[in-house]
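Heads up, the thing below is written out as structure tokens.
Throughout, protein chains are lettered first and strands after them, A, B, ... in sequence-line order, and every chain is numbered starting at 1.
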Amino acid sequence: MASQTKANILARHAANAALNIPLPGISMRGVRDLGADEPFHPLDERIIAGAVEALESGQTHYVDVPGIAPLREAIAKYLNASCGASWQSANIIVTAGMQEARFLTSQIIGAQYDSIAVPAVAHPGLQKALGLRRRQVLSLPVEAERGYLPSLDDIAAALKNGCRLLYLESPSRLSGAVYTQSQVARIADLLAQHDAAAIWDQGLARWVDGGCNSLAARAEESTAAIGEAWHGIGLGSWLVGSIAAPVDWIAPMQSQKQIMAICTSTASQYAALAASEIVSETHQQRLAQMRGQRAAAVKLASELGLDTLPGAANNLLALHADEAARRKLAEAGIDFAAGEDFGAPDIVRLNIGVATNAAIEALG
Amino acid sequence: MSKKKQAAGTNLLYQLIAEARAYDDVIVMGRGDPDFDTPAHIVAAAKQAMIHHQDDVAPPAGLPALREAIAARVKRVNNIDVDPASEVVVTNGGQEALFLMVLAALGEGDELIVPEPNYNTYADSLAFAGGVKVAVQTAHEEDFRADPALVQAAITDRTRALLLVSPNNPAANVISPADMRALVNIAIEHDLMILADDIYDLFVYDNFVHTSPASLPGGKERSLTLNALSKAYSMTGWRCGWIVGPADLMARVAELKAAISGGTSIIAQHAGIAALTGPQDAVNMMAAAYARRRRLVLDALDEMGMQYGVPQGGQFVFANIAFTGMDSAEVAQRILSEQHVLAYPGSAFSKERKDYLRMTFLQPEEQLVEGLRRMKLAMASI
């Protein structure tokens, strides 16, 4: 006999639309996969050596819930140097990838507030994370012309109307658009004015010329900064992310991390620790290469009459693409991230790589 | 904030663990972390994966090759038939599997029947889901047997699932085949889901037999069964586990997995493939060692005159300390402060179990003997 209890469970899940939103792949499967969240990059042999040495020396047991101490220290040091924050190890939780960082911050910091304001267009992982437990979500309006970043006026209106927690991406996970320094300063002022707080996804900031305009540099006591450790270094499928936040926010997130995972995989943590030593070593060279490839892709798109979105992150490019254009991409064997999964129909996101121009030619 | 009630037991353990770190000569008989390192062939396989599988993608449900290996394992060990493509989800260890299983099956106000004592994280996960724990008490005099008649009596019109952990943590009871049959029949009769935690299934002592509810008639279609590599292969730090269950429910589990962590590290997954498909000598060696150590612990508890439920499986013993007249948190604190031995207070597992301590036998025998010697001193001074 069919189980009514199971049918009810399935119906409850089916009714939760957020859970059914597809996520982009975490890492590229090949050069023609331009839809994944992270570009493929061969692992530096020193990263492998660091992980292997740790495992062979017996680092195969549980470690501290918020992460191994040297990695927390390395992440704090990196964030302070790149973003102007002044985090200590105690401010850091190492997460099992970016999605766990989204989940822990949006759910656990979110539980301290009556509502959370999020951009109408954001990484689909945010909607999924928020969908796990009922809470009041306020959608901040966005426009393609601004790269889907909510305007300062709309942020101010949300705060004025009583919302006290923001979730913002800078760079945008769809377009790569960023808030300028003066805009970040204004957001910090608004937080202070309304005694509000923010979760700030800055995972793609490595790919922005001139670095990171982090809200944490201006509103450290009211900001949780999240991101990969480190985006594009080749550890995408190893799943290492981080949360940097005021210490009194760390404790409840640490409790939840214990409940849902105990700790992040030691192999991944020691690999990330080894990566921390070389993370800046060749980055400027890679960034310059990406910048050149992206500029060429934008130029080609313009020549073909394609409509690109503004973006500052050199690792990706978002374009308008209708159904027919998408079919052409598919026929060319190119994977892309679909804008509708982010909340923006008729947009595609392409990673910058050797096949990006081929993708644009197919779209044109 | 809402997390206050869910983390009480967990925070108590944090405090004790933090204090234990301050002692150079501490003997840890608390945490469920085997002292053995991960077998070398598994580490070697991980190294090869780092070199040769860098562009593998980790879909939320896990690498197909690992799902195949898990399907073969649950057939071989648990007699559960699953389709690796649709009925297996790989997780960040048993803990994430537990969290996902609870989230998948239970919603606001739903009741989960839980034989007590039980692993504290079930209560924490249930609190996150908005569910309600309905405890069915067990007694050390009966080796913490969960009586099916008491389970049946606890069912209300809000009951949605039974939690069956065998061997149990912390009580180390193994549900007998007859009781398991009865419990599955109760689930069928009352249309309940079964959340089965088989994480200690390879560690069963004397003549006890582990039975998975999903292996019994009518069990599979209503069971979510978790397991992990942590305990069996001494891989606690890698974080690789799984849930198996009927395809329709597992599709939902995969969605939840994507929502909370997106995937599982591919290196941990390749290590998992090596563990499940490679030589099993290390597992057998560890099982034999735990059996010897268990005997040492029980002999020492007998000498101390302590009562306990005989551990029929698992890696620990849950001993009664009512004779001290003290709360288990105080006793654990005193043993730690005075003798530098970390044992977990029963109150971390259940507020009803303030008269118990959980002690693991996951230390080298020499350390275990020393820990027990110190424990005797501590108990004598109380």
Side-chain angles (χ1 to χ4, degrees), chain A residues 3-6 9-10 12-13 18-20 23 25-30 36 40 42-43 48 51-52 55-56 58-63 65 95-100 103 108 111-112 125 128-129 131-134 234 237-239 252 255-256 258-268 271, chain B residues 1-3 6-7 10-11 31 33-34 37-38 43 46-47 50-51 54-60 92-93 95-96 99 103-105 107 121 124-125 128 130 160-161 191-193 221-222 234-240 246 248-249 252 255-256 258-268 271:
Chain A
S3 164
Q4 187 57 46
T5 299
K6 189 159 90 170
I9 291 169
L10 295 173
R12 184 175 73 233
H13 284 272
L19 290 179
N20 304 322
L23 289 179
I26 294 171
S27 273
M28 286 172 67
R29 293 187 300 271
F40 175 71
L43 274 179
I48 295 175
V52 170
L55 295 171
E56 289 181 341
Q59 298 294 344
T60 57
H61 298 269
Y62 289 131
V63 293
V65 177
T95 61
M98 183 60 198
Q99 185 60 23
E100 192 180 272
F103 172 81
I108 305 305
Q112 300 180 54
K128 287 181 91 77
L132 273 173
R133 201 160 54 169
R134 199 175 303 145
S237 291
W238 295 53
L239 297 173
S255 287
Q256 182 61 32
Q258 159 72 31
I259 290 163
M260 58 190 259
I262 298 183
C263 61
T264 297
S265 179
T266 51
S268 298
Chain B
M1 58 188 290
S2 64
K3 298 284 91 52
Q6 77 175 199
T10 307
N11 284 341
R31 201 167 202 182
D33 192 353
D37 290 338
T38 301
V43 174
K47 181 179 178 181
M50 292 175 202
I51 297 165
Q54 290 183 16
D55 55 352
D56 278 7
V57 170
N92 284 307
Q95 193 91 338
E96 188 182 72
F99 186 62
L103 244 54
T121 300
D124 295 336
S125 298
F128 187 94
R160 296 291 176 269
D191 191 15
L192 307 178
M193 301 303 299
E221 55 266 35
R222 60 182 64 248
S234 210
M235 293 177 67
T236 50
W238 296 75
R239 314 314 300 139
C240 189
D248 46 8
L249 276 178
R252 306 288 85 79
E255 286 169 356
L256 291 169
I260 72 168
S261 63
T264 302
S265 159
I266 55 161
I267 299 308

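- Ranked by heavy-atom pairs shorter than 4.5 Å toward chain A, the options B:A104, B:P246, B:C240, B:A161 are led by B:A104.
- Counting non-hydrogen atoms of neighbouring residues, nucleotides and ligands closer than 6.0 angstrom, the NZ atom of A:K6 exceeds 12 such neighbours.
- Here the shortest heavy-atom pairing between B:R252 and A:L10 reads CG-CD2, 3.7 Å.
- With values rounded to the nearest 0.5 angstrom, A:M98 atom CE is found 13.5 Å from B:S261 atom OG.
- Here the closest non-hydrogen pair linking B:Q54 and A:P42 is OE1-CA, 3.4 Å.
- The residue among B:I51, B:L192, B:T264, B:D248 with the most heavy atom pairs within less than 4.5 Å of chain A is B:D248.
- Going from atom CG of B:N92 over to atom CE of A:M260 covers 8.0 Å, rounded to the nearest 0.5 Å.
- Aromatic ring pairs are classed by plane angle as parallel below 30°, tilted from 30° to 60° and perpendicular above 60°; the pair B:F128 and A:F103 is tilted.
- Of the listed residues (A:G30, A:S265, A:A267, A:S268), the greatest number of heavy-atom pairs within a distance under 4.5 Å of chain B belongs to A:S265.
- Note: B:E255 leads B:E255, B:R160, B:E221, B:M193 in heavy-atom pairs under 4.5 Å with chain A.
- For A:S27, the side-chain contact (heavy atoms from CB on, under 4.5 Å) partners two or more places apart in sequence, or in a different chain, are A:E38, A:S237.
- Remark: A:L55 CG to B:K47 NZ distance equals 10.5 Å, nearest 0.5 Å.
- In this structure, CZ on B:R239 lies 5.0 Å from OH on A:Y62, to the nearest 0.5 angstrom.
- For chain A, the nearby part of B:A268 is the side chain; its heavy atoms alone come within less than 4.5 Å.
- Of the listed residues B:I266, B:D191, B:L256, the one with more heavy-atom pairs under 4.5 angstrom with chain A than any other is B:D191.
- For B:T38, the side-chain contact (heavy atoms from CB on, under 4.5 Å) partners are A:T60, B:I42, B:V43, B:M235, B:W238, not counting sequence neighbours.
- Heavy-atom distances place no part of B:P59 under 4.5 Å from chain A, backbone and side chain included.
- Between the OG1 atom of A:T266 and the CD1 atom of B:I267 there is a distance of 11.5 Å, given to the nearest 0.5 Å.
- Neither the backbone nor the side chain of A:T95 comes within less than 4.5 Å of any heavy atom in chain B.
- Note: A:C263 leads A:G97, A:A271, A:A129, A:C263 in heavy-atom pairs under 4.5 Å with chain B.
- Per-residue heavy-atom pair counts under 4.5 Å with chain A were compared for B:D37, B:D33, B:L249, and the maximum is reached by B:D33.
- Across all their heavy atoms, B:A259 and A:K128 have their closest contact at CB-O, 3.7 Å.
- Considering CD of B:E96 and CD of A:E100, their distance stands at 7.0 Å, rounded to 0.5 Å.
- Residue A:I48 touches chain B through both its backbone and its side chain, counting heavy-atom pairs closer than 4.5 Å.
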